[in-house]
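What follows is a single structure, written as structure tokens, with notes after it.
Here is how names work: the chains are called A, B, and so on, in the same order as the sequence lines, proteins then strands, and each is numbered from 1.
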Protein chains: 2
Amino acid sequence: MSLRHTILGFLSIKPLSGYDLKRYFDASVRHFWSADQAAIYRTLNELGQNGLVEHERVAQETRPDRKVFHVTPSGLAELDSWLATPAPSVTRREPLLVKLFFSSRLEPAAWRAVVEAELQSVETELATLGQIVAAIEGDAPNQDPAVLVGPLVTLSNGVETGLAYRDWLRGLLVLQASNALSAPTLLAALKARLES
Amino acid sequence: MSLRHTILGFLSIKPLSGYDLKRYFDASVRHFWSADQAAIYRTLNELGQNGLVEHERVAQETRPDRKVFHVTPSGLAELDSWLATPAPSVTRREPLLVKLFFSSRLEPAAWRAVVEAELQSVETELATLGQIVAAIEGDAPNQDPAVLVGPLVTLSNGVETGLAYRDWLRGLLVLQASNALSAPTLLAALKARLES
DNA sequence: AGCGAGTATATGATACATCCTATATAAACC
DNA sequence: GGTTTATATAGGATGTATCATATACTCGCT
């Protein structure tokens, strides 16, 4: 379960509270992972019970106390072992593709609306990635470049897959508009692509 | 929850048993959805309780009886309404990217092994998609072309995203081999891609 | 004082997926 | 007869994510 390891990974950089972790998840990895508050606190408790993290209470002056977690040596060992293990295959679940699979039941206008909504969503996501890149670039002088490589690699994945998905959606709309969305056309295109 | 709607979608084509559905999931949609037996049977029961499907017992000669489900008019209405609704945003969870995000903790050789394992997995998946395409092509004369469009569209998505992912992984390996996996290089490349 | 917003922690209830286990029918094989 | 395989149905236990709810502290504003 990668939530555990993502938390261990963040804590390997610096000690953090549950609240901090939630902010880190929302700010730096949401293009490939997410975690809600309930899951974060539960997982921290579990990691504590397993001896992979420990915590201290830190008083603040104008804020409530914080419960700051740090990773233990066995937590680091667990993280490093996991990082060096090939990633498990991820089962894909794409509601949009379910809709497109049964698209013979959809009116062309409804089909187009569904595809256009998805395209809009992808474009929004790409814009968000752009903002994350800009934020990293702005903060780069304060960071160790070696530590930036990982995050930038994940962003490049987000950008490349996002662009591919955007282009695919655009291609569908073009095919539909020219009444070229047909089985023979798709089959021929698929075979050509699979040979590349 | 799209498992319900995928099941309704299949049943909209023809009445099927739980066992048939499992085979359909494994043969025609596993590149974008999957369902295990327990989930299928549970969902069928629930759909039945909600009046969206009904079933009959069908005796067989050399096989156990089958419990064949068909979709009801209200089941079809539910399916069509759902199909015409824009797809929800899907939260991405990519264990590989967690590993790459914290890659500053990985030795270069271990990093490379993880990326190469993923590349191998993607290539296997692309080959599987090729087999599905070939099977569809072989069976195309027996099928209504209009009904094939949806499935072929989903396959084109699988192929395009698979190719993009493969190329991205290959690009990472090339960058690493030439010691060009650095923050400035990645930043520049990202910005260029985001402007395209 | 009360309200709203932000900081900060925590947990209950529910939904969904996965892994495990079970039963029954039938045929082929040793 | 027992085992294996395929057909066929079913449900328990567990893991993970999401939504909902709760409490407490602090500050600023009306």
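- Nucleotide C:dT23 holds its C1' atom 15 Å from the OH atom of B:Tyr19, rounded to whole Å.
- Comparing B:Ser17 and B:Thr91, the nucleotide of DNA chain D nearest to each residue sits closer to the 5' end for B:Ser17.
- Proximity of a side-chain donor or acceptor of A:Arg112 to a complementary backbone N or O of A:Pro108 within less than 3.5 Å is not detected.
- Minimum atom distance to the side chain of A:Lys67 is reached by C:dA10, of the listed D:dA17, C:dA10, C:dA8.
- Regarding B:Arg92, its CZ atom lies at a distance of 16 Å from the P atom of D:dA17, rounded to whole Å.
- The phosphate of D:dA17 has neither OP1 nor OP2 within less than 4.0 Å of any side-chain N or O from A:Arg93.
- Between A:Tyr41 and C:dA10 there is no side-chain N or O to OP1 or OP2 distance below 4.0 Å.
- In this entry the distance linking NE2 of B:His5 with P of C:dC16 reads 11 Å, nearest Å.
- Atom CG in A:Asp26 sits about 15 Å away from atom C1' in C:dG6, given to the nearest Å.
- Listed candidates were C:dT9, D:dA17, C:dC19. Nearest to the side chain of B:Asp36 is C:dC19.
- You'll find a donor-acceptor pair under 3.5 Å spanning the side chain of B:Gln37 and the base of D:dT9, going by distance alone.
- OP1 or OP2 of D:dG11 has at least one side-chain nitrogen or oxygen of B:Asn45 nearer than 4.0 Å.
- Between the CG atom of B:Leu44 and the P atom of D:dG11 there is a distance of 12 Å, given to the nearest Å.
- In the set D:dA8, C:dT7, C:dT18, the nucleotide with an atom closest to the side chain of A:Pro64 is C:dT7.
- At a threshold of 4.0 Å, the pair A:Arg23-A:Asp20 counts as salt-bridged, since one of the basic side-chain nitrogens sits closer than that to a carboxylate oxygen.
- Under a 4.0 Å N-O distance rule, the pair A:Arg170/A:Glu123 qualifies as a salt bridge.
- Atom C1' of nucleotide D:dT9 and atom NE2 of B:His55 are separated by 11 Å, given to the nearest angstrom.
- OP1 and OP2 of D:dT7 both lie 4.0 Å or more from every side-chain N or O belonging to B:Gln60.
- Here C:dA10 presents its P atom at 13 Å from CZ of A:Arg66, a figure rounded to the nearest Å.
- A salt bridge links A:Glu137 and B:Lys191; the closest N-O separation between the charged side-chain nitrogens and carboxylate oxygens is under 4.0 Å.
- Within the nucleic acid shown, A:Ala38 comes within 4.0 Å of at least one base atom, counting heavy atoms only.
- With the nearest nucleotide of DNA chain C identified for both A:Thr62 and A:Asp20, A:Thr62 has the one nearer the 5' end.
- Among the atoms of the strands shown, none is found under 4.0 Å from any heavy atom of B:Arg23.
- When each of A:Trp33, A:Tyr19, A:Phe10 is checked for a ring-ring contact (aromatic ring centres under 6.0 Å, His included) with A:Phe25, only A:Phe10 meets the rule.
- Nearest nucleotide to the A:Arg42 side chain, out of D:dT18, C:dT18, C:dT7: D:dT18.
- Rounded to the nearest 0.5 Å, atoms CD (B:Glu107) and CG (A:Asp80) are 9.5 Å apart.
- As rounded to whole Å, 15 Å separates atom C1' of C:dA10 from atom CG of A:Leu21.
- Using a 4.0 Å heavy-atom criterion, one finds that B:Arg57 contacts no nucleic acid atom at all.
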